[in-house]
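So that the names make sense, note that chain A is the first sequence line, chain B the second, and so on, each numbered from 1.
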Amino acid sequence: METREFGDIELRRVREHVWEIPQEGEMNAPARVLASEALLDHIGDDKTLEQLRNATHLPGITKHAICMPDGHQGYGFPVGGVGATDTTDGCISPGAVGYDINCGVRMMTTNLTYEDLQGHEEELVDALFEAVPSGLGGGGVVKGDAETIEDILARGMQWAVDAGYATDDDLAHCEDEGFRDDARPEFVSQKAKDRGRNQIGSLGSGNHFLEVQRVTDVYREDVAESFGLEADQIVVLIHCGSRGLGHQTCTDYLRRIEKEHKDLLDDLPDKELAAAPAGSELAEEYYGAMCAAINFAWVNRQLIMHRTREVFADVFDRDWRDMEMRLLYDVAHNIAKKEVHEVGVDPEGRPVRDGDAVEREERELYVHRKGATRAFPAGRPELPPAYADVGQPVIIPGSMGAGSYVLRGGDQSLDLTFGSTAHGAGRLMSRTKAKQEYWGETVQDELREQEKIYVKAQSGATVAEEAPGVYKDVDEVVRVSDELGIGDKVARTFPVCNIKG
DNA sequence: ATGTCC
């Protein structure tokens, strides 16, 4: 049997791109890493594998904990991690969702071509930078009073439709139709709401960005056609999350878990895994608060998209509807959700891996996707009518020098990953190291001169932290996803204008 | 990721 060793962790090769940490000791399931040899070298570089093994200690973890090809270490649970826990006797873990609740990506298509845009890059990047609030701290498209924030938390993009910032068509092209019905704003703290009020419609900082891109490659013509994508087309990508509101919500519940569920915490190998037992008051309250923060993030991305439409209308002197600026899809990559999945069970009805199962049953699970994207294939009931027969669009952003991918949910995703795939390129080095290696202005000048990519940012330090060289090869991440059949390549894009915090 | 510490 082929094995690879990283510290005290031995990985067994199951087959091409599939590696397993066998179940032993206090582990409640085996763990799996989905990666090529090259990506596995990166994954073995930091604490990712240790964190992945720790995640298998979570009560009720089902089948296996899984690391996506772009995985790297995070707070407690790996970024690029998927963990499905039983909703009756398992747990829910804020650490396995992440601080930036519903960090995610949306892509808007247009009927413009790269040729239409050439010569306008400078004007466009300046106008977008002016119109879309970005950077650390406050300032949003909408100033929310107490009532508005409650409404946004409860109703997500439904609020945006009523307030004139979204169309019904936008709603129909968003994961969960842009709102979680399970949202309970009363479980979001006043402090979190106060932080969110001034940030409704703001990009934030770090790896968040708005990018105008051109489609350079199409891999599956028929799927691309159903998605409304073709070569040379201009599209817009928006990557951001729930800002201070989501961050505060995560912090609030991590604290409460330490106080109210110390016993469970003490049983876990890392207290950053911080889980609340399924069925507990705290689990219910966290789930309701998390769903509310998810709604906030969808409104956030919607308002940024609204401003983008206005900027395009201004720069190109046409109505945005004439430029067919439609939402392709909005995907969340830091969430947990109650989903029903088929799992193999042993004679006592306990979930086991497929080889040991005597039959298969449907189970309701909290599917934690932290730095992982839902990738449902055709046929899943959750898919909107537009994608019911083709599979959902999956958007995977690369770095500002590399461009991004559109995939579609693959046939193997339900068997391998509870319907998930990667979420990005994954970092290669820390932010501190990046600032030692790169200088923001130099990165910007080189991108403009060599690649005709126009980058505008609040902070030069952020550009250095996000320089193309600090990221893994997004092509390799997507290749593995495609070859495993969890997310199939549909199209590739290349940056034209990028704004960031 | 994040008013990068209550």
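- The NZ atom of A:Lys500 sits 15 Å away from the C1' atom of B:dT2 (whole-angstrom rounding).
- Rounded to whole Å, the distance from OH on A:Tyr253 to P on B:dT2 is 21 Å.
- Within the 4.0 angstrom heavy-atom criterion, only backbone atoms of the sugar-phosphate kind lie near A:Gly206; the bases stay farther away.
- For A:His42 (side chain) and A:Lys472 (main-chain N/O), no donor-acceptor pair under 3.5 Å exists by modelled atom type.
- In this structure, the CG atom of A:Asp252 is 11 Å from the P atom of B:dC6, given to the nearest Å.
- To the nearest angstrom, P of B:dC6 lies 14 Å from NZ of A:Lys259.
- Note: NE2 (A:His247) to C1' (B:dC6) measures 15 Å, nearest angstrom.
- Using a 4.0 Å heavy-atom distance criterion, A:Thr251 is classed as making no nucleic acid contact.
- For A:Leu254 and B:dC6, the CG to P distance is 13 Å, given to the nearest whole Å.
- Using modelled atom types, one finds no donor on one side chain facing an acceptor on the other under 3.5 Å when comparing A:Lys456 with A:Asn498.
- A:Glu465 comes within 4.0 angstrom of no nucleic acid atom, judged by non-hydrogen atoms across all strands.
- Nearer the 5' end of DNA chain B, as judged by each residue's closest nucleotide, is the contact made by A:Gly135, out of A:Gly135 and A:Arg255.
- In this structure, the side chain of A:Arg301 engages the main chain of A:Cys240 through a donor-acceptor pair within 3.5 Å.
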